[in-house]
Amino acid sequence: MNDSPKHTNRLIHETSPYLLQHAHNPVDWYPWGEEALERAKHEQKPILLSIGYSACHWCHVMERESFENEDIAAIMNQLFVNIKVDREERPDLDEIYMNAVQILTRQGGWPMTVFLTPDLKPFFGGTYYPPEDRYGRPGFPKVMYAVIEAYNDKNDQVLEQADQITAQLNQMSNLVTSQENELTEELMTKAFQHYRSQFDSHYGGFGNAPKFPPSMGIPFLLRYWHHSGNVNALEMVELTLQKMARGGMYDQLGGGFHRYSTDARWLVPHFEKMLYDNAQLVVAYFEAYQATQNSFYLDIATETLDYVLREMYDAENGGFYSTQDADSEGVEGKFFVWEPSEVEDIIGEENTEIFCEFYDITPHGNFEGESILHIQTPSDVFARKLGMDQAALDTLLTDCKQKLFTEREKRIKPGLDDKILTSWNGIMIRGMAMGYQLTGKLEYLTACEKSAEFVLTTLSQEDGLLLRTYREGKSHLNAYLEDYSYFIAGLVALYEASFDAKWLTEAERLANIMIEQFADDNGEGFFFTGKAHESLIVQSKSAYDGATPAGASMAVHSLLRLAKHLDKPEFHDKAVNTLKLYFHQMDVMPSGSGQLLCELAFLLSTPKEIAIVGNREDAKTGAMLAALHGMYLPNKIVALSESLDAATLPLLANKSLIDNSTTAYVCENYVCQEPTTDVDAFVEMLS
């Protein structure tokens, strides 16, 4: 990066690490805001909008090649008003203009480069452009000259194209509920068949390389297996989770998942680590453990949570950070790869052969001459192959891994994007809460409680509305639908882990704000942006899952559960009507509707309503909770009362101890079973 003071641009006043990375470019960058937009209108200049994020490898490449290049920057400054946006701060802009790029090119990704008219309508765009013709892509200067020539010489055609694209974007958001469409199991069956048709039976996952973690598809398939008994769905889940966790996608030394795999085998990842991937995958692995009782899944989930607490958590304030970079010292993956000689120096000659064979560390390497640790053969099979006791092998591998990890900590680490986002904290709270339920580790509960408190104080406004992002003492940007819906889901999960009713009180308050701010007053569903946001060329109403669940689908998740916890039929109706709005999407695009399909499973399953009355410190209460959390019951709500005075929640009303002993109540579909004080009887009722 060029740190010359003469090159400081307006981004120097931003808090986003991604924007700050570009603050010393010779490009005359503006952040998105009134100053840039007014200049474009006043000068009638087209806008060059560049969107990316701090952990994105190709964003760094384009910055290095083009935005730090004096000649290319001069072209940009002469021809355009240049705006740089962090997609993690402004998902509203990212969604609109990514949809435009996909309309224009049939593909998308980051860095995203979009050219807009002064009234913000997109007319041309793409992703990464090299500095000169390369990789079958035109050079960036050639693209800019062609764009400005078209804009100046064929302005009528450019404006007509911009209007057409904008009309298509609006059409994508104008959904209407069809009254004939019934929410039935047939939608789930069709979705399962779609996933099965895309399934890679060799390596798990869906589709071809590059492969992304199916963070919403896995939970849906588990629910479909649970609902239908179709064991093929569980087999797809298990193969995928095992292959991902044994591949280079997973950090074998430090825990945690990288963003995605560049190949079909989950071997070579893009090395960035995102909070949202790890939050969602933790839930998937915990649920797989509940469904199978295979401790491998439990181990992967807890290692991932431990990684997050170690690397991605502000222990002082309580928030979870956003991302870790793919690059260190300007080289992608450098922090994570090894050579056999390095390994031998650290763990000794006697252990090197076994360790290197197990993790495929070879002289020629599997990634640019070096080796990404991955597991080709499970340890039990590998132990038999060596004629070795498995416990002895596991001990050897664990000891060697710890030594390598300790040595790796001395390397220069990938960059950290330490901004704290409300939405991503919400899904991490959910993962941590589940971790506490299954392991009893108090640090998980403490972390999600501190994160929730941080959002409710530092990321909240005086009028009760949430803010999107925090970094270095500054909270700003009005929160989006996903911020509310993810965080409310996190609060409900936190209540079911801690049984502190204040979290449900806050969840209810925020759910009412979410409906008031984001619900479509003239129809069904929720808008991406709310009444407190600026007006853009489109008010999106999408429920399509990307790398994270759609805000609308998580709104359904939160409202369905709050409706039962709080006896709020209006929340239930809002959720059901939103699901109906996306019937067609679930029907024809199930791979982009995983979260909606999970909520459909909840709706169709007549969820169990479980109330426990008893002291948290009592051994029987602990045994009942351990039994409950150890079972795969995705469609349930849980409440606990330690005293009759605390029984303010509808689910706990009129429920009391029997024989002065911890008592469990299980209700379903408006009918309650006989309460029990016996742990085995409780388990029987649940199953």
Side-chain angles (χ1 to χ4, degrees), residues 17 54-55 57 60 245-259 268-275 277-279 281-282 299-352 354-356 358-361 365-375 394-420 428 432 435 441 443-444 446-447:
S54 68
H57 171 69
H60 298 323
R246 292 189 173 116
M249 257 285 289
Y250 185 69
D251 180 355
Q252 301 294 336
L253 294 184
F257 287 87
H258 299 294
R259 175 73 272 267
V268 179
H270 257 311
F271 287 90
E272 61 262 39
K273 288 181 180 176
M274 320 298 288
L275 184 68
D277 282 324
N278 287 287
L281 288 168
V282 156
D299 292 344
I300 295 297
T302 53
E303 284 175 12
T304 300
L305 288 184
D306 293 343
Y307 149 74
V308 169
L309 288 181
R310 187 180 70 242
E311 302 280 349
M312 302 283 280
Y313 178 57
D314 184 339
E316 189 176 333
N317 289 320
F320 296 105
Y321 301 136
S322 295
T323 65
Q324 278 185 315
D325 210 324
D327 299 9
S328 50
E329 302 178 73
V331 180
E332 187 183 17
K334 182 172 183 178
F335 182 77
F336 299 99
V337 295
W338 295 86
E339 294 177 359
S341 58
E342 292 178 283
V343 173
E344 185 173 334
D345 288 344
I346 296 161
I347 66 173
E349 186 180 353
E350 69 279 9
N351 295 324
T352 297
I354 290 175
F355 189 87
C356 286
F358 185 76
Y359 284 108
D360 190 33
I361 303 168
N366 52 36
F367 175 68
E368 298 180 358
E370 297 186 281
S371 294
I372 301 166
L373 272 64
H374 71 116
I375 300 169
D394 289 343
T395 300
L396 182 151
L397 295 173
T398 301
D399 290 348
C400 292
K401 275 170 63 177
Q402 185 57 50
K403 287 175 181 173
L404 285 184
F405 173 77
T406 302
E407 191 64 29
R408 194 179 76 176
E409 286 293 282
K410 300 172 187 174
R411 294 179 175 179
I412 295 173
K413 289 194 173 185
L416 174 70
D417 188 326
D418 58 354
K419 68 177 178 289
I420 293 169
M428 197 70 240
M432 286 280 170
K441 286 188 178 180
E443 57 264 39
Y444 297 160
T446 301

Could you work out, with side chain to side chain contact (heavy atoms under 4.5 Å, CB included) as the rule, every residue matching V282, not counting sequence neighbours?
F286, T304, L305
How long is the gap from CE on M274 to CZ on R259, to the nearest 0.5 Å?
6.5 Å
Search all heavy atoms of S371 against all heavy atoms of G365 and return the closest pair with its distance.
OG-CA, 3.4 Å
Pair K334 + E329, salt bridge at N-O below 4.0 Å
yes
Do E272 and T323 touch side chain to side chain, with heavy atoms closer than 4.5 Å?
no
Go through it in stages, so that I can follow the logic: the residues are L373 and D360, the test is side-chain contact (heavy atoms from CB on, under 4.5 Å), and I'd like the CA-CA distance, side-chain angles, deciding distance and then a yes or no.
CA-CA 6 Å; L373 272 64; D360 190 33; over 6 Å; no
Any chance the side chains of H270 and E332 put a donor and an acceptor closer than 3.5 Å?
yes
Donor-acceptor under 3.5 Å (N278 side chain, F257 main chain):
yes
Between CG on residue D418 and OG on residue S322, distance to nearest 0.5 Å
8.0 Å
Once rounded to the nearest 0.5 Å, what's the spacing between atom NZ of K403 and atom CG of D345?
13.0 Å
Stepwise side-chain contact (heavy atoms from CB on, under 4.5 Å) check, V308 with F320:
CA-CA 8 Å; V308 169; F320 296 105; 3.8 Å; yes
Other residues, nucleotides, ligands: >12 heavy atoms within 6.0 Å of E349 CD:
no
Can you confirm whether W338 sits close enough to C356 that some side-chain heavy atom of one is under 4.5 Å from a side-chain heavy atom of the other?
no
Rounded distance (nearest 0.5 Å) linking atom CD of Q402 with atom CD1 of I347:
13.0 Å
Closest contact, heavy atoms only, P340 versus I361:
N-CG2, 3.8 Å
Donor-acceptor check, side chain of Q252 to backbone of I372, threshold 3.5 angstrom: yes or no?
no
Identify, with sequence neighbours excluded, every residue that meets side-chain hydrogen bond (donor to acceptor under 3.5 Å, both in side chains) alongside E342.
R411
Got P414 and D327 here, is their nearest side-chain heavy-atom distance under 4.5 Å?
no
Could you report the tightest heavy-atom contact between D417 and S54, atom names first, then the distance?
OD2-OG, 2.6 Å
Any side-chain heavy atom of Y321 sitting closer than 4.5 Å to one from E311?
no
In terms of ring plane angle, is the pair F271 and H258 parallel, tilted or perpendicular, where the classes change at 30° and 60°?
perpendicular
Measure across A55 and H60 and return the closest heavy-atom pair with its distance rounded to 0.1 Å.
C-NE2, 4.4 Å
Should D325 and L416 count as side-chain neighbours, where that means a heavy-atom distance under 4.5 Å?
no
Salt bridge flag under 4.0 Å for residues K441 and D306
yes
How would you list, by chain and number, every residue that makes a side chain to side chain contact (heavy atoms under 4.5 Å, CB included) with E303, sequence neighbours excluded?
Y250, I300
Can a donor-acceptor pair be found, under 3.5 Å and without considering hydrogens, that links the side chain of H374 to the backbone of G248?
no
Side-chain contact, heavy-atom cut-off 4.5 Å: N351 with E344?
no
Cationic N near anionic O, under 4.0 Å, K273 to D251:
yes
Does a side-chain heavy-atom distance below 4.5 Å link L253 with F336?
no
Looking only at atom types and distance, does a side-chain atom of N317 sit under 3.5 Å from a main-chain N or O of G319, one as donor and one as acceptor?
no
Go through it in stages, so that I can follow the logic: the residues are L309 and M432, the test is side-chain contact (heavy atoms from CB on, under 4.5 Å), and I'd like the CA-CA distance, side-chain angles, deciding distance and then a yes or no.
CA-CA 10 Å; L309 288 181; M432 286 280 170; 3.6 Å; yes
Heavy-atom donor-acceptor pair, R310 side chain to G254 backbone, under 3.5 Å
yes
For the residue pair M428 and Y313, establish whether any side-chain heavy-atom pair is separated by less than 4.5 Å.
no
